[in-house]
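Nothing here was measured: the structure is a model prediction, and the numbers come from that model. A note on names: the letters A, B, ... follow the listed sequences, proteins ahead of strands, and every chain is numbered from 1.
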There are 2 protein chains.
Amino acid sequence: MSISSKVMGRLTRYRALLTEYFPKDKLHVFSHELATMMGFSASQVRRDLMCLGYFGVPRYGYEVKELIHHINDVLDASKVHHVAVVGAGNLGRALMSFLGSRRATLKIVAAFDDDPQLANRLINGVPCYAMDRAEEIMKHQGITIAILCVPGSAAQRVTDRLVIAGIKGILNFAPVPIRIPVGIALEEIDVTSALERVAFYTTSRTGTPKKRRNSPQE
Amino acid sequence: MSISSKVMGRLTRYRALLTEYFPKDKLHVFSHELATMMGFSASQVRRDLMCLGYFGVPRYGYEVKELIHHINDVLDASKVHHVAVVGAGNLGRALMSFLGSRRATLKIVAAFDDDPQLANRLINGVPCYAMDRAEEIMKHQGITIAILCVPGSAAQRVTDRLVIAGIKGILNFAPVPIRIPVGIALEEIDVTSALERVAFYTTSRTGTPKKRRNSPQE
DNA sequence: CCTGAAATGTGAATCCATTCACATCGTTCA
DNA sequence: TGAACGATGTGAATGGATTCACATTTCAGG
């Protein structure tokens, strides 16, 4: 059974919740507990967990340790990935420090930038290289994933260079869609668009806005 | 007809594409042109544009100026929104400068932070206040939207305070889901989760959940 | 051991988004 | 002018994700 992108996304968040923000002394968790924490329905949670090959026990719920373990198995079926931040402007640098301390399987090992000022320096503990050394460094460091934080006007051009250099996955923060050949993984995060979406639903009283509705109760 | 969140998201991106990254001398645009630029199908584009109340002409496509104008009408049905960045760490600051120069209808007018070091200073041109002045400042400045960039451990607590202070919309960058009362707009951007998703599809040769060369916005 | 309560796993139903297919229409050119 | 082309708008078909509903399982307590 193949796991859809949406399920994937939720699995990563279950894991984050359980490993980092869940009481250490609770050994079991119910689907409806996860559901209220995440903001959706219990049957949704159970469906998602079904594709793990691990099953809870009725009346008892899921064993937290086992659950995390099985999510790891599915999600990190891969090896460790080496990641490069491409575009070391404000956003790029913020992401370096934000992601720096995170999962051990995703290591940020390099940054690239067009600006020669930044080349060959350490930025937030990450070595920064000139853009035209991308291919060389990527090969040498075994970099498979790029986080793209360049201005929209440069996004496609830089992407093309990354593709030539052999990138396998891209997380795109540039505010324009980019085109890539099939076979390369792509996720796009458009901050401006997200903000505009919030603004839209903030005023329009009429429409039923979004998925999640929970009371701030515990 | 109510506009779904997904359509909304694409409309903002059509607009960005047309206003900022489209040849100024092209007066018309075809659905299939937008489609290849955005990475999805032409009928998708036409469906989306249908809810604008503006119609293209066969053989000629859509008049760019009119199209932008009608997207504006639908998206900015609202007034200007005043936005606060909550949590002035690395990510918060990066977003301030990243979003600072953007759409005039979304103005970042304040930042809040628990750290007393940061209070009453200008950060990237934005005045920063202590968290406990949130209600006062929000009222005074007419702030309706918050961009939440605090650590996961503080996210729910800070959210509750914002809610009490009367926030109307939240864009959440904290890596945990937050719960809010009905009637408040919410969008969540989980960078870690997005990166993990890319990593997953980067290795797993098996599943091909991405249909076309481009993936949709989350 | 038996009964009841409470949770699970899952087929079926529902809902929503996307794509297909085509009738329709404006433009262009013979 | 009118016929052919190439694009649109949209009903219907498809496909995917979510929810419903319930049979099933497990545990607690008498």
Y54(B) side chain near dT8(D) phosphate (N/O to OP1/OP2, under 4.0 Å):
no
Whole-Å distance, R46(B) CZ to dA23(C) C1', equals 13 Å
Walking DNA chain D from its 5' end, the first of S43(A) and P58(A) to be reached, judged by nearest nucleotide, is S43(A)
Does OP1 or OP2 of dT18(C) have a side-chain N or O of R10(B) closer than 4.0 Å? yes
Taken to the nearest whole Å, CZ/R47(B) to P/dC22(C) is 15 Å
In whole angstroms, the gap separating C1' of dT10(C) from CD of Q44(A) amounts to 14 Å
Between OH of Y60(A) and P of dT26(D) the distance, given in whole Å, is 13 Å
Note: for G56(A) and R59(A) on DNA chain C, the residue whose nearest nucleotide lies more 5' is R59(A)
Rounded to whole Å, NZ of K6(A) lies from C1' of dA17(C) at a distance of 9 Å
note: H28(B), atom NE2; dG26(C), atom C1'; distance rounded to Å ~ 12 Å
Does dT18(D) have its OP1 or OP2 closer than 4.0 Å to a side-chain nitrogen or oxygen of S41(A)?
no
Within-4.5 Å side-chain heavy-atom neighbours: S5(B) and Y201(A): yes
Does R93(B) form a salt bridge (Lys or Arg N to Asp or Glu O under 4.0 Å) with D113(B)? I'd like the steps, not just the answer. CA-CA 11 Å; R93(B) 279 186 285 223; D113(B) 203 292; over 6 Å; no
D190(B) with R197(B): basic N within carboxylate O range, under 4.0 Å: no
The single option from L11(B), V7(B), D73(B) that satisfies side-chain contact (heavy atoms from CB on, under 4.5 Å) with L52(B) is L11(B)
From CD of E66(A) across to C1' of dT8(C) the rounded distance in Å is 17 Å
Distance col, row E33(A):CD vs K26(A):NZ, nearest 0.5 angstrom, shows 3.0 Å
**Request:** Please determine if a side-chain N or O atom of S31(A) lies less than 4.0 Å away from the OP1 or OP2 oxygen of dT8(C).
**Result:** yes
L52(B) atom CG is separated from dG9(D) atom C1', nearest whole Å, by 13 Å
Report task. Output yes when at least one side-chain N/O atom of S4(B) is less than 4.0 Å from OP1 or OP2 of dA17(C), else no. Result -> yes
